[in-house]
Amino acid sequence: MDLAAVDPRATPGVKGGRKAAEASRVQIDECLATAQEQLYAHGRTGGEKRVLIVLQGMDTSGKGGAIKGLAHAVDPSGVQVSAFGRPTAAELKHDFLWRFRPALPRPGHVAIFDRSYYEDVVAARVRGVAERRTWIRRYGSINRFEERLAAKGTLVIKCFLHISPQEQRSRLLARLDNPEKHWKFEAGDLDDRALWGQYMTAYQDAMERCASAPSPWHVIPADRKWYRDWALAALVSEQLEGLGLGWPGGNFDLKAMRRRLEKDQADPA
């Protein structure tokens, strides 16, 4: 994994630029909506398959914006979003994976993690919160954790939103210029920015050490917001369709139910 070899402004998979991408979103969103509803129906009829979307990236890479881009195309009753910040004092008393387990998807559901347990081998490493022997050991814990998820029917889609330091600077300045965005700005963002190279190394190591066949990493160029949103929607749609679920059948006699309704002339009101 070499993040330096990935252009954050690239638009792989798109021919025709932004207008073409936005035009294709209509079909992508239709496919995404259908596949997500089929997953939800699968869970409601006893199926065990479920989906976990893990979004990682530097500050301002657009995790929240990407989630909004997905949200309008899916049924919210089958989707749950969890944002994870720095662990609280109470959470630190437990294993680092403890606080993520309650947010895992139920059968038929899609769970989206805005940051995840990968912070414990990236941010914790770079900020010096955890000793080297601790975050090294966590790679194995994460691999076993994701292997258990896959064994129980969970499709894990891991995405790194790849932004350039130049674009991050522009977005941070835009936050400072807009009073409505001040609440999103933290001085700690600048501290992390000063450690950019260390973060890229930590992310590269995490992606190399925690990339299995059922749970590979997807690096999405994120300097162009429109492309970031298009790529994530296309990826998730493709992955959900890849489950091959279709529509489950009903557990009733179709002809009998139809005859009953055709004979029923009463007005329930």
Side-chain angles (χ1 to χ4, degrees), residues 3-14 16-25 28-29 53-74 76 79 81-88 112-116 118-120 122-129 158-204 206-207 218-236:
L3 289 174
V6 180
D7 181 1
R9 292 189 61 79
T11 59
V14 172
R18 180 172 183 171
K19 288 185 178 180
E22 291 177 344
S24 69
R25 275 298 298 268
I28 291 173
D29 288 350
I53 301 173
V54 173
L55 296 182
Q56 290 289 153
M58 296 293 286
D59 292 312
T60 77
S61 59
K63 296 178 289 296
I67 292 171
K68 289 180 181 178
L70 283 176
H72 77 277
V74 296
V79 179
V81 179
S82 300
F84 297 96
R86 299 188 184 191
T88 64
I112 305 176
F113 283 6
D114 180 345
R115 298 189 186 277
S116 69
Y118 280 97
E119 292 294 307
D120 293 280
V122 176
R125 166 184 173 175
V126 175
R127 294 171 184 161
V129 174
K158 300 185 295 194
C159 302
F160 177 72
L161 306 185
H162 188 35
I163 191 175
S164 68
Q166 295 81 11
E167 179 64 18
Q168 188 200 53
R169 178 178 180 275
S170 177
R171 293 182 187 181
L172 288 174
L173 285 171
R175 286 183 182 179
L176 290 177
D177 291 339
N178 185 353
E180 296 180 3
K181 299 293 184 180
H182 286 178
W183 65 273
K184 299 181 71 174
F185 190 91
E186 295 183 13
D189 295 344
L190 301 185
D191 296 333
D192 284 345
R193 178 175 166 78
L195 302 171
W196 192 277
Q198 294 181 47
Y199 268 99
M200 292 302 102
T201 297
Y203 270 119
Q204 288 174 174
M207 284 187 270
H218 306 273
V219 179
I220 298 178
D223 271 14
R224 303 177 193 266
K225 296 179 181 180
W226 64 264
Y227 177 78
R228 174 202 68 204
D229 295 348
W230 176 89
L232 181 62
L235 171 64
V236 174

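Numbers here simply count residues along the sequence, with the first being 1.
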Q: Listed by chain and number, what are the side chain to side chain contact (heavy atoms under 4.5 Å, CB included) partners of Asp114, not counting sequence neighbours?
A: Lys63, Ile67, Ala83

Q: Search all heavy atoms of Tyr118 against all heavy atoms of Ala206 and return the closest pair with its distance.
A: CD2-CB, 4.2 Å

Q: How close do Gly57 and Phe160 get, counting heavy atoms only, and between which atoms?
A: CA-CE1, 3.7 Å

Q: Taking Gly85's backbone N and O only, do any of them form a donor-acceptor pair with Glu119's side chain (distance below 3.5 Å, no angle check)?
A: no

Q: Roughly how far apart are Ile53 CD1 and His218 NE2, rounded to 0.5 Å?
A: 10.5 Å

Q: What do the steps show when you test Asn178 against Phe185 for side chain to side chain contact (heavy atoms under 4.5 Å, CB included), and what is the final call?
A: CA-CA 10 Å; Asn178 185 353; Phe185 190 91; over 6 Å; no

Q: Please give me the minimum heavy-atom distance between Val126 and Ala202, naming the atom from each residue.
A: CG2-CB, 3.9 Å

Q: Just checking, is any N or O donor in the side chain of Arg127 or Tyr199 under 3.5 Å from an acceptor N or O on the other one?
A: yes

Q: Let me confirm one number: the CZ-CD distance from Arg9 to Glu167, rounded to the nearest 0.5 Å.
A: 6.5 Å

Q: Nearest 0.5 Å, what's the OG1-CG distance between Thr201 and Leu195?
A: 11.0 Å

Q: So does Val6 get a backbone contact from the side chain of His162, meaning a donor-acceptor N/O pair under 3.5 Å?
A: yes

Q: By side chain to side chain contact (heavy atoms under 4.5 Å, CB included), which residues pair with Val74, not counting sequence neighbours?
A: Leu32, Gln36, Val79

Q: Measure the shortest side-chain to side-chain distance between Cys159 and Leu55 over non-hydrogen atoms and say whether it is less than 4.5 angstrom.
A: yes

Q: Does His182 have any side-chain hydrogen bond (donor to acceptor under 3.5 Å, both in side chains) partners at least two apart in sequence or in another chain, and if so, which?
A: none

Q: Determine the sole option in Ile220, Asp223, Leu232, Val219 for which the side chain to side chain contact (heavy atoms under 4.5 Å, CB included) test with Leu161 is passed.
A: Ile220

Q: What closest approach, in Å, do Pro221 and Ala10 show between heavy atoms, and which atom pair accounts for it?
A: CB-O, 3.4 Å

Q: Could you list the residues that satisfy side-chain hydrogen bond (donor to acceptor under 3.5 Å, both in side chains) with Thr11, not counting sequence neighbours?
A: none

Q: Is there a side-chain contact between Arg169 and Arg193, using heavy atoms and a 4.5 Å cut-off?
A: yes

Q: Verify, without hydrogens or angle tests, whether Ser170 (side chain) and Gln166 (backbone) share a donor-acceptor contact under 3.5 angstrom.
A: no

Q: What pairs with Asp189 under side chain to side chain contact (heavy atoms under 4.5 Å, CB included), at least two apart in sequence or on another chain?
A: Asp59, Leu172, Arg175, Glu186

Q: Looking only at non-hydrogen atoms, find the nearest pair between Ser61 and Ala222 and report the distance.
A: O-CB, 3.7 Å

Q: Quick one: sort the Phe84 and Phe113 rings into parallel, tilted or perpendicular, breaks at 30° and 60°.
A: perpendicular

Q: Partners of Gln204 by side chain to side chain contact (heavy atoms under 4.5 Å, CB included), sequence neighbours excluded?
A: Met1, Asp2, Leu3

Q: Please report the closest heavy-atom contact between Asp192 and Met58, naming both atoms and the distance.
A: O-CE, 4.3 Å

